[in-house]
2 protein chains.
Amino acid sequence: MEKSSVNNNQKVAKPANHRATSYDVARLAGVSQSAVSRCFKAGASVSAKTRAKVMKAADELGYQPNAIARGLITRRSNIVAVITTEFTNLNYPEMMSHLNAKLSEHGVHILLFTVGAASDMRAVLDQIWQYQVDGIIAASQFSDDQIAQCRKRGIPLVFYNRVFSDSSISSVGCDHFEGAKLLVEHLLSRGHKRFAVYSGPNDSAVAQERLQGAVTQLKQAGAHFDVYQGDYTYDSAAASTVEMMSSARELPQAVICANDIMAIGCIDTLRAKFGLRIPEDLSVVGFDGIAASKWQAYDLTTIVQPLERMVEATVSMLMERIEDSSIPAEKRQFGGKLNIGLSA
Amino acid sequence: MEKSSVNNNQKVAKPANHRATSYDVARLAGVSQSAVSRCFKAGASVSAKTRAKVMKAADELGYQPNAIARGLITRRSNIVAVITTEFTNLNYPEMMSHLNAKLSEHGVHILLFTVGAASDMRAVLDQIWQYQVDGIIAASQFSDDQIAQCRKRGIPLVFYNRVFSDSSISSVGCDHFEGAKLLVEHLLSRGHKRFAVYSGPNDSAVAQERLQGAVTQLKQAGAHFDVYQGDYTYDSAAASTVEMMSSARELPQAVICANDIMAIGCIDTLRAKFGLRIPEDLSVVGFDGIAASKWQAYDLTTIVQPLERMVEATVSMLMERIEDSSIPAEKRQFGGKLNIGLSA
DNA sequence: CTGAAAGCGCTTACAG
DNA sequence: CTGAAAGCGCTTACAG
């Protein structure tokens, strides 16, 4: 207050370091604060003369509208929560990059959350409510109660590569069931008759779909197969391989893995521990199409998920529901592309 | 206004779906709005009785304080911008998970930006200013001008694994120079005398440090070596390997790669295209300690970056500077751990 | 410990 | 096209 005596025809001297506000710009440009606001709103009616004055002043002060204040009044934060798990192995940086690019087209930003244990989800959701996000993209599991909370709060939610039977839930995914069938068909066409199937974790619906797709097709063909429990990791596949090699009376001709990482673990173990050649002695196939699947050491036959298409669909589905919350749920499933490598 | 006649002892009937505000809670609990606010502020003085009433009401209404409104008045968004590039290959999901965990301890959230081309940076920074982030963690390159802008706006900035000679810039990194020297020392101790060095991209200061570390140590030992230009990618290493094998009069005994991905590309190519054995015919070493470096097919001798320590340091350095902007810049460099695998 | 009031930096009818 | 004014949902002196 004492400082105001220095320049008594202004409210109070702003500290030098203060971020410029629309009032500062208005004063410098000699217009009202509302005029400044309009200049930063697309499609608002402002005369060219006013706009020029305002833009000049804004530039001078390094003014940028405060998105936080804007969000408070428009009730649109232009922020979307993205929830992933630590164990997402599907070309994570690439996916994030696409996600960022697609959301940017809508002027939307990503508030990122990584959940480990299921117990974290509660805390994460609390944070999400507090930040008034416009929507949620979840690449993690939700409980029914958590989904209900989103609905009650009117926050659109789209799942990425998660499977829910409930038809009122929106999700984008790859057709894991069909993908697995495609792989099996391919192996059958190569004359394979005895199979091993390395499953993913039991609590992953995606892993179960892949398993069912493979099993269904194998049974239909009357092929012989054994299932080995895994959990998507390299080590689990290595362990299953040791178990398989020591217990099987007759070697399988092909191993169908729940994902690429497991296929890699299987191949490495077959080669290093048992001196087998891939694909001469045994075929191995994966699922996902991660970068390493193309490395010459593996050159996996696998199902490549159409990452960019899936991300694009996720974003457009979410944005539609942010614009109009009455749009009913939708499930979109993309067929994966069978990539025939040298591993089978 | 017409609607107020319906229930004239309240302001206006809130729409059913409206998110509860502190006023709603206050009304239901029969206290003032300030009292509600205090109940959600740690360390504020509220009687147990008032707190109980408020919490009960808040629970009933599903009330959570609006972090956006809070940020507006406290000038603390509790949001930090994290800028990465599409090509970060260093255990990205793991790093993000640690980052998220460490920042959560401070009640801080991540606004994620992925930059591709340098041209994107301008747009990204504009967005960052608008969102009033409390600080920036950058795993991407900044121009001098961009760094100056952060400083002018008083936004703390910490670089992650980027090298700047300017001592007024805070950064956390791995000691790439020493790491590369360690690798060379190890190879020399195994009796190697002729080397190939696969460099990373020229515009990466980190890659240059690794290169200089290796070259310095090789020169000091009087060893013979050739440098092949690469760009951190698998394909660039594969190409360099073909070039090396067709041009070198005498095969090198060891290949020093700028990162693990290149070491893998090199090994795959030596094996697949030239039928060589690793390490019997040739040693190959990498840098980073990515997950794939431990796969049996490679079992790389490499420098493992202490991811968690580095993330922890980044977060604590940033938080310190958010609390007190007068703290001078700091550079922290962690020694990498030499992991001796079977590739050398 | 508690409540009334001002204000954070915007947007948006409203009247001119 | 333009400006004065109200209000988004909070926090925080201030007075009691």
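Below, all heavy atoms of this structure are taken into account, side chains as well, without hydrogens, waters or symmetry copies. Per chain, numbering begins at 1; letters A, B, ... match sequence-line order.
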**OP:** Indicate whether the side chain of Gln132(A) and that of Arg19(B) have a donor and an acceptor atom separated by less than 3.5 Å.
**Re:** yes
Subject >> Check: Ser37(B)/Ser34(B) side-chain N/O donor and acceptor closer than 3.5 Å >> reply: no
Subject >> Secondary-structure notation, DNA chain D, from Watson-Crick and G-U pairs under 3.5 angstrom (| other strand) >> reply: |||.||||||||.|||
**OP:** Not counting sequence neighbours, which residues clear side-chain hydrogen bond (donor to acceptor under 3.5 Å, both in side chains) with Gln127(A)? List them please.
**Re:** His109(B)
Original post:
Rounded to the nearest Å, what distance is computed from the OH atom of residue Tyr131(A) to the P atom of nucleotide dC10(D)?
Top reply: 13 Å
**OP:** Scan Leu112(B), Leu157(B), Ile128(B), Thr114(B) and name whichever one has a side-chain contact (heavy atoms from CB on, under 4.5 Å) with Ile83(B).
**Re:** Ile128(B)
Subject >> Val46(B) side chain near Lys41(B) side chain, heavy-atom distance below 4.5 Å >> reply: no
**OP:** Would you indicate whether the side-chain heavy atoms of Asn66(B) and Thr21(B) approach each other to under 4.5 Å?
**Re:** no
**OP:** Check whether any side-chain nitrogen or oxygen of Lys41(A) sits under 4.0 Å from OP1 or OP2 of dT12(C), and answer yes or no.
**Re:** yes
Original post:
Under 4.0 Å between a side-chain N/O of Tyr63(B) and OP1 or OP2 of dC10(D), yes or no?
Top reply: yes
Original post:
Whole-Å distance between dC1(D) P and Lys53(A) NZ?
Top reply: 15 Å
Original post:
How many Å lie between CG on Asp24(B) and P on dC8(D), as a whole number?
Top reply: 11 Å
**OP:** Go through the structure and list residues passing side-chain hydrogen bond (donor to acceptor under 3.5 Å, both in side chains) with Glu330(A), not counting sequence neighbours.
**Re:** Arg321(A)
Please output the side-chain donor-acceptor pairs of residues 137-144 of chain A that fall under 3.5 Å, not counting sequence neighbours, one pair per line with the distance.
| unit_1 | atom_1 | unit_2 | atom_2 | d |
| --- | --- | --- | --- | --- |
| Ser143(A) | OG | Gln146(A) | N | 3.1 |
| Ser143(A) | OG | Gln146(A) | OE1 | 3.2 |

**OP:** Using whole Å, report how far CD of Gln130(A) lies from P of dG9(D).
**Re:** 15 Å
**OP:** Assign the ring pair Phe40(B) / Tyr63(B) to parallel, tilted or perpendicular, where the plane angle (0 to 90°) is split at 30° and 60°.
**Re:** perpendicular
Subject >> Note: Lys102(B)-Glu105(B) ion pair, threshold 4.0 Å (strictly below) >> reply: yes
Subject >> Spacing of Gln64(B) atom CD relative to dG9(D) atom P, expressed in whole Å >> reply: 15 Å
Original post:
At what distance, to the nearest 0.5 angstrom, does OH of Tyr131(B) lie from CD1 of Ile68(B)?
Top reply: 8.0 Å
**OP:** Could you check which residues of residues 65-76 of chain A get a heavy atom under 4.0 Å from DNA chain D? Sort them by number, please.
**Re:** Leu72(A), Ile73(A), Arg75(A)
Please produce a list of atom pairs where a protein N or O lies less than 3.5 Å from an N or O of nucleotides 2-4 of chain C.
| unit_1 | atom_1 | unit_2 | atom_2 | d |
| --- | --- | --- | --- | --- |
| dT2(C) | OP1 | Ser47(B) | OG | 2.7 |
| dT2(C) | OP1 | Thr50(B) | OG1 | 2.2 |
| dT2(C) | OP2 | Ser47(B) | N | 3.0 |
| dT2(C) | OP2 | Ser47(B) | OG | 3.4 |
| dT2(C) | OP2 | Thr50(B) | OG1 | 3.2 |
| dG3(C) | OP2 | Ser32(B) | N | 3.1 |
| dG3(C) | OP2 | Ser32(B) | OG | 3.0 |
| dG3(C) | N7 | Arg38(B) | NH1 | 3.4 |
| dG3(C) | N7 | Arg38(B) | NH2 | 3.1 |
| dG3(C) | O6 | Arg38(B) | NH2 | 2.4 |
| dA4(C) | N7 | Ser34(B) | OG | 3.3 |
| dA4(C) | N6 | Ser34(B) | OG | 3.0 |

Subject >> Under 4.0 angstrom between Ser22(A) side-chain N/O and dC10(C) OP1 or OP2 >> reply: yes
